[in-house]
Structures are given as C-alpha cells and as structure tokens.
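Data block below; observations after.
Position 1 is the first residue of the sequence, and the numbers go up from there. Because the structure is predicted, anything quoted here is derived from the model rather than measured. Every number for a ligand or one of its atoms is a count from 1 in the order of the listing. Below, all heavy atoms of this structure are taken into account, side chains as well, without hydrogens, waters or symmetry copies.
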Amino acid sequence: MRSACRAARRGGRMGFVPTMGALHEGHLSLVRAARSSCDVVAASIFVNPAQFGPGEDLAKYPRHFERDRGLLEKHGVELLFAPSVEEMYPAGVVTWVTVDELSDKLDGRSRPGHFRGVTTVVAKLFHVVEPDAAFFGQKDAAQVAIIRRLVRDLNFPVEIVACPIVREADGLAMSSRNVYLDPRQREQALVLQRALARVKKSWEAGERDSAKLMAEGREEVAEEKSVRLDYLEIVDPDSLDPVEDVGDGALVAVAVFVGSTRLIDNVLLQRLANKATA
Ligand code: AMP
C-alpha cells in the first residue's frame, strides 16, 4: 500500500479517508471532500478490533466489502487499503499510541481503551498511506479532537479535516450501526436529535449556564423511557474538558443506548461571525 500510494501521488496532494466499511453517505461525504481538495484519494476499510471492548459488537459489525469497494471506486477513490487483522496486528505487537487525558473523556470514559485502539490504528494507517490530508466526520467529535492532538503531539505531517455530520431525512445521524435498530428503536433514536435541538434552542435564547443546558438535554432524553442515557455533556471541542459557562461556543455531545445499540450525536454551539448588517 505504501509503494502504491507513493507511485500514485506523483507529487500531488494525497487525501485519505479511513473507515470501518459498511459505507453510507456520511463516509461518501468524506470521500467527496477529499476529492475536491486533493489530487489522489486513498481510503481504508478495517474493522479495528483494538477499538472494540469486550462485549461490544466486533463480531456482528456489518461487513459488505464488495459493495463498499464498488462505492469507493465509483466515487473516485484510487487506492483502497483493506488489511487483515493479522497484517495490522501481527503476533507480538506490544506498542500502542495513547493520547492521554482526552482519551478518558466522553466515549473514552464509557468505552475504556477505545481511543487507544483508534489512535494506534490511525497512526499506523498514516505511516502506510502517508497522506497530506485526512478526512474525519464531526459525528465522532471526540475522535476528531483526539486525532488532532495525536497529529500535533507526534508531528505527523497530516492536515486533519473535519467534515459535517450527514443525517437521514428525519435528522438521525447516519451510522453503520443504525442497521441494528428495529423500526420501533429507529423511532426512539430520534431522541438524540430532540435533546440536542432543545439544548441548542435554549442556548440560542440566551441560556449560558452549562449545568442548566445539560439538565434540559438530559430531561429530554429521560422522556424517551426505553432509551438509556450514557452521557450528555457540554465540553470544549478541543480539550474535551467540561465548560461551565458556554459563552461563545462549546460542543454538546450525547450518547445513548437504544436496546443494546449505542448511538452518538453532537452539535457545536457556535456564534456566527458578524452577520452582515445590510
Ligand atoms: P466509521 O466507519 O464509523 O469508523 O467512520 C469512518 C469515518 O466516517 C469517521 O471519520 C466518521 O466520523 C465518519 N462518519 C461516520 N458517520 C458519519 C456521518 N453521519 N456524517 C459524517 N461523517 C461520518
């Protein structure tokens, strides 16, 4: 893969989209973003065991390799890396890449070891593909913050581009895990959107107290009785530290269990730069 990437780039800018496959429009939006700003685009499909905890859905994670390969080809991806687990983690591997502190927050707190798996595999993939830019979805907001820190702390010469969350028509964020939901759960999952919308509305109406905003979001989740809240937090989007006064902006991140399916979503509270006064 490394020599194929070196041969294909011919001095141009190489964009890279890492995925776990079971591709949907969210993934394809990253490919489009990569294509629009890079000369050559590479992607990877690897269901990374190191980022799944015991009892999580590694075995049942959806895998549709031939379909995914066709989609990537159709969308102009020139290089696809789909290694086996043995290729990525040969016997005897003992080296891990950990972004301390950030990796124990949000999803990292609920899924111990998850981000160590993510940062290790992303570091390895960056060494293989040697991209100039790598494209990640804002849907996994904590992951974006952690990868930005990884790149900064370990001097990877890679620009990290975060792309907007792609949603279904009714607002549910696209996820490879949505296929686990039965029709009733699919309906219940919309509580993520409602909780985030309520927090955002309240913030837009002038509420700045993070504790009050979080309480409103959590209350909204509690109204959907069959859904179990994992977390709803308001944090700094870079450090992932809690913020008390939301001020000019913050990240509202939420995770819930719908049945045994864990779903996440988030919204950035951002004050728009000076609106035109025409
Ligand atoms: P995954 O295959 O779930 O590991 O996701 C691969 C990449 O696609 C990650 O950077 C995700 O953040 C991104 N992604 C997944 N779902 C979405 C979505 N609904 N919108 C935008 N990006 C997404």
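Within 4.0 Å of ligand 1, protein heavy atoms come from Pro18, Thr19, Met20, His24, Gly26, His27, Leu30, Tyr61, Phe136, Gly137, Lys139, Asp140, Gln143, Pro164, Ile165, Val166, Met174.
With a 4.5 Å cut-off on side-chain heavy atoms, Asp209 and Trp203 do not count as touching. Using a 4.5 Å heavy-atom threshold, the side chains of Leu269 and Lys200 count as touching. You'll find the side chain of Asp241 stays beyond 4.5 Å of the side chain of Val235, heavy atoms only.
In this pair, Phe156 and Phe126 present their aromatic rings perpendicular. The plane angle is above 60°, beyond the 30 to 60° band.
Tested against Gln138 for a side-chain contact (heavy atoms from CB on, under 4.5 Å), the candidates Val166, Val267, Ile165 yield a single pass: Ile165.
Taken together through direct or relayed side-chain contacts under 4.5 Å among Ile, Leu, Val, Met, Phe, Trp and Tyr, Phe135 and Val144 form parts of separate hydrophobic clusters.
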